[in-house]
*Asks:* 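One structure, pasted below without further comment.
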Amino acid sequence: MLSIAELIDKLVIENMKIFNMREKIHSDGISDEDYVECENKMNILNENRGTILDFLNIKIDKVLSGEERNQALRNIKTYAKSKK
């Protein structure tokens, strides 16, 4: 399972997709066909958002109860030291 941070990252990305889709839906001059297509995509995005939230809540509960560890990446420097 993903870490809490990874699930939050996925949630933020899904929220950005929802925001962009709302912008399209409320734009001037959108055709009826495009509107319906955007609404259908919006329904899927909202469903995905709910699924991610469910996974996030489960993960948080498991970490807080001690049932599961929160995965964490090792912190390493990926840049070279500058020479003076």
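Throughout, numbering of the chain's residues begins at 1 and tracks the sequence. These figures come from a predicted structure and were not determined experimentally.
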*Asks:* Roughly how far, to the nearest 0.5 Å, is CG of L45 from CG of N20?
*Replies:* 9.5 Å

*Asks:* Please say yes or no: joined through hydrophobic side-chain contacts below 4.5 Å, possibly via intermediate residues, are M21 and V12 part of one cluster?
*Replies:* no

*Asks:* Answer yes if the side chains of D34 and S31 hold a donor-acceptor pair under 3.5 Å, and no otherwise.
*Replies:* yes

*Asks:* So, the side chain of S27 versus the backbone of I30: is there a donor-acceptor pair under 3.5 Å, distance only?
*Replies:* no

*Asks:* Please say which of E14, K10, K17 ends up in a side chain to side chain contact (heavy atoms under 4.5 Å, CB included) with N48.
*Replies:* E14

*Asks:* Exactly one of L64, I60, I4 should register a side chain to side chain contact (heavy atoms under 4.5 Å, CB included) with N70. Which one does?
*Replies:* I4

*Asks:* Any chance CG of D32 has more than 12 other-residue heavy atoms, nucleotides or ligands included, within less than 6.0 Å?
*Replies:* no

*Asks:* What residues form a side-chain hydrogen bond (donor to acceptor under 3.5 Å, both in side chains) with N57, not counting sequence neighbours?
*Replies:* none

*Asks:* Look up atom OG in S3 and atom CZ in R69, then write down how far apart they are to the nearest 0.5 Å.
*Replies:* 11.5 Å

*Asks:* Roughly how far apart are E39 CD and R22 CZ, rounded to 0.5 Å?
*Replies:* 10.0 Å

*Asks:* In chain order, what residues pass the side-chain hydrogen bond (donor to acceptor under 3.5 Å, both in side chains) check against R49, with sequence neighbours excluded?
*Replies:* N15

*Asks:* Got a donor-acceptor contact below 3.5 angstrom from the N46 side chain to the M42 backbone?
*Replies:* yes

*Asks:* Under 4.5 Å between side-chain heavy atoms, counting indirect links through other Ile/Leu/Val/Met/Phe/Trp/Tyr residues: same cluster for I52 and I18 or not?
*Replies:* no

*Asks:* Start with the C-alpha gap between F55 and L2, add the side-chain angles, then the distance that decides, and say whether side chain to side chain contact (heavy atoms under 4.5 Å, CB included) holds.
*Replies:* CA-CA 9 Å; F55 283 137; L2 301 170; over 6 Å; no

*Asks:* Look up atom SG in C38 and atom NE2 in H26, then write down how far apart they are to the nearest 0.5 Å.
*Replies:* 10.5 Å

*Asks:* Under a 4.5 Å side-chain heavy-atom rule over Ile, Leu, Val, Met, Phe, Trp and Tyr, are L53 and V63 clustered together?
*Replies:* yes

*Asks:* To the nearest 0.5 Å, what is the distance between CG on L56 and CG on D61?
*Replies:* 9.5 Å

*Asks:* Measuring from atom OH of Y35 to atom CG of N40, what distance do you get when rounded to the nearest 0.5 angstrom?
*Replies:* 10.5 Å

*Asks:* Taking only residues two or more places apart in sequence, or in another chain, which ones meet K41 in a salt bridge (charged side-chain N to carboxylate O under 4.0 Å, His left out)?
*Replies:* E37

